[in-house]
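Pasting a structure below so you can have a look.
Bear in mind the structure is a predicted one, so any value in this text is a computation, not a measurement.
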Amino acid sequence: MHALLRRAAMAGYGFRHWRPLAAMTNHPQATQSAVLRDLLSANARTRFGREHGFSSIRSHEEFAGRVPVQTYETLRPYVEEQRQTGAAALTAETPVFYAQTSGTTGAPKYVPVTPSMLALYKSEQALFSYLQHRACPEAFAGKALGIMGAAVEGRLDSGHAVGSVSGYLYQSLPRSVQSRFVVPPGVAGITDYTLKYLVILRLALAEENVTYLGAPNPSTFLRLLELLNSHRDLLIRSLETGTLDGVRDLDPSVREVIDGRLRAHPGRAAEIKRLPSLTYASVWPRIRLLTTWTGGSCGIALKSVRATLPPETTVMELGYQSTEFRGAFAVTAETPGGLPPFHHHFFEFVEEERWNAGSPKWLTLEELVPGPRYHVIVTTVAGLYRYFMNDLVEVTGFLGHTPLLRFVQKGKGVTSLTGEKLYEAQAIEAVQDSTGAHGVMTSFFLLVADEDAAAYRLFIEVEAGVPSIAGELAVSVDRRLAELNLEYLGKRESGRLGPLSVGWLRPGTAAAFKAASIRAGQREGQFKPAILQYRKDLPVSIEDWVRP
């Protein structure tokens, strides 16, 4: 009966959310024009709308001519006015809550989430659930291990709640749907990350029939697996006794939720104890779908995660998304590109080269072609008007007449010591090609641009020992970078850029790097390691982690 109800619910999602959107892919321009018209009309009487003449804008060209490209810092005064006074400075609707993320100036960004925006998020969640079920229905037959942010992470001085959209959506799901998840919403609010992950593992271990894994960053699953093995005895003892150290000290509301699920499972404990090694495949052999980010720097960790999964597991791209909005979602499994929700947000693009040259030409969705990389400018119902995302995407194909988009990297994922303009995607490809050729296994590395030395240094975390091929590997990566980037080649050949070197990192460096980045303001749920960085921007003293 449960299977019949699930299939009926998914069929309903498909009929309500997917079929209309699939039809719209044949005329994206008309859909986008309607979205822009509705956005401007709804917010014409806001202070921002009045200042920029929303009521008389009739086309994309007029919109681009009257509204300059915005960043959060240009919108911050409007956000703060509305947040502090309640005036309709940015949106006609009053935000339900604010999603917090790090800002370019050091001050946090408080991204408003309005009722209309929240409704769109819910629609997109239902749509993606349908697409995942269509891609792998077996993944919905058992329990789900999903990692998301906290619905409420704190309060602003204005009294507004600050939280994550994923946590809010999870918390608002019907109890019948929540019961499928092994981790209740309250666990996301545990601030001690080690304890939070141990609680997640303990609750998941009690369930043998886990068929679905989901989290934005695959590095989360590497961290869980690391803790699963390093705290094996503690977790088995917890399964035997129905208790877990540290839970007693949590907030009563969180403790109550966990206590309700911390029951003794001596049989399961004995089963785990007999396993020679703990991997996702050995502990949860029925996992059939992993949904996570697969591109950019996340692909490095994903490669390590894949090796621990049951061979039947399908991996599905989570899609291009951020704190500000959802930019695309995969329509099939094992494909890199995703369909933008162009029926919800208004999209503009500018070719990377034209943006860097200071001569942007604003393109709409239907004007994109495969080949170039594009910067994304988005307008949402939550008050982000012509908002520059500093994200680079590329076209991987089309659905109907609508391009499918793949996130490539942040626009800032570029370093240049002597004019070489090295890109993160190039760094990832060069290092992965070279480490693969030399048999070096790693789930974390950094390519650091050292301004003082005018050279790059590659830091690689390895589990044990110090490989004796540092020199060979350095030459291999250096050569591959030169093949991928002619400017790099020219600077190396001229001697303006010094030779690349390699340093081996101790185990635990990736976790320390992530923890330091979160302390510096990055959201744990949205964390993406920047593989290519200047030494001055590193959140940790990387040399302290180098093996002697």
Side-chain angles (χ1 to χ4, degrees), residues 6-7 9-11 13-14 17-18 21-22 25 121 123-148 165-166 169-170 173 177 180-183 204 209-222 224-225 280-281 284-322 326-341 393-399 402-408 525-526 528:
R6 183 178 64 251
R7 287 197 294 269
M10 291 300 166
Y13 285 167
H17 299 287
W18 173 245
L21 179 58
T25 61
Y121 276 125
S123 171
E124 290 160 7
Q125 180 189 50
L127 172 60
F128 193 51
S129 294
Y130 165 76
L131 293 170
Q132 290 178 97
H133 184 267
R134 187 179 71 170
C136 186
E138 302 85 356
F140 289 74
K143 296 288 187 177
L145 173 53
I147 315 295
M148 61 281 296
V165 172
S166 63
L169 292 175
Y170 184 17
L173 289 172
V177 177
R180 181 173 167 255
F181 290 84
V182 299
V183 181
N209 191 31
V210 173
T211 57
Y212 174 94
L213 299 180
N217 199 307
S219 66
T220 299
F221 293 110
L222 288 181
L224 286 172
L225 195 59
Y280 291 107
W284 298 286
R286 297 188 183 93
I287 293 172
R288 291 298 176 267
L289 181 65
L290 167 64
T291 301
T292 189
W293 285 325
T294 64
S297 60
C298 292
I300 303 162
L302 178 59
K303 185 178 180 181
S304 296
V305 174
R306 277 183 182 269
T308 73
L309 293 168
E312 303 88 350
T313 303
T314 295
V315 176
M316 192 162 185
E317 166 63 44
L318 180 61
Y320 166 40
Q321 64 180 39
S322 64
R326 184 164 200 153
F329 41 83
V331 294
T332 57
E334 304 287 354
T335 54
L339 181 68
V393 299
E394 63 184 11
V395 175
T396 64
F398 292 85
L399 185 64
T402 303
L404 302 177
L405 305 180
R406 180 180 79 91
F407 172 79
V408 178
Q526 298 283 343
K528 298 176 187 175

Q: Only counting residues at least two apart or in another chain, list the ones meeting ring-ring contact (aromatic ring centres under 6.0 Å, His included) with Tyr13.
A: none

Q: With rounding to the nearest 0.5 Å, note down the distance linking CG in Leu131 to SG in Cys136.
A: 13.0 Å

Q: With sequence neighbours excluded, tell me which residues meet salt bridge (charged side-chain N to carboxylate O under 4.0 Å, His left out) with Glu394.
A: Arg406

Q. Can you check whether Phe398 reaches Leu404 side chain to side chain, under 4.5 Å on heavy atoms?
A. no

Q) Looking only at atom types and distance, does a side-chain atom of Tyr130 sit under 3.5 Å from a main-chain N or O of Ala9, one as donor and one as acceptor? A) no

Q. Of the non-hydrogen atoms in Ala139 and Arg180, which two are nearest, and what is the gap between them?
A. O-NH2, 2.8 Å

Q.
Quick check against the 3.5 Å criterion: does Thr313 have a side-chain atom that pairs as donor or acceptor with the backbone of Leu309?
A. no

Q. How would you list all residue pairs meeting side chain to side chain donor-acceptor pair (under 3.5 Å) that involve residues 300-312, not counting sequence neighbours?
A. Arg306-Glu334

Q | Under the ring-ring contact (aromatic ring centres under 6.0 Å, His included) test, residues paired with Phe140 that sit two or more places apart | A | His133

(Q) Could you work out, with ring-ring contact (aromatic ring centres under 6.0 Å, His included) as the rule, every residue matching Phe128, not counting sequence neighbours? (A) none

Q: Give the ring-plane orientation class for Tyr320 versus Phe407, where under 30° counts as parallel, over 60° as perpendicular and anything between as tilted.
A: parallel

Q) Counting only N and O atoms by type, is there a donor-acceptor contact under 3.5 Å from the side chain of Glu317 to the main-chain atoms of Thr294? A) yes

**Q.** Residue pair Leu290 / Val305, side-chain heavy-atom distance below 4.5 Å
**A.** yes

Q) Is a side-chain N or O of Trp284 found less than 3.5 angstrom from the main chain of Asn209, in a donor-acceptor match? A) no

Q: Please report the shortest heavy-atom distance between Pro341 and Ala328, naming the atom on each side.
A: CD-N, 3.9 Å

**Q.** Spacing of CG belonging to Leu222 relative to CG belonging to Leu224, to within rounding of 0.5 Å
**A.** 9.0 Å

Q.
Could you work out, with ring-ring contact (aromatic ring centres under 6.0 Å, His included) as the rule, every residue matching Tyr121, not counting sequence neighbours?
A. none

Q: State, with a plain yes or no, whether a side-chain heavy atom of Pro310 is found less than 4.5 Å away from one of Arg288.
A: yes

Q) Got a donor-acceptor contact below 3.5 angstrom from the Thr291 side chain to the Leu318 backbone? A) no

Q. Between Leu21 and Leu339, is any pair of side-chain heavy atoms under 4.5 Å apart?
A. yes

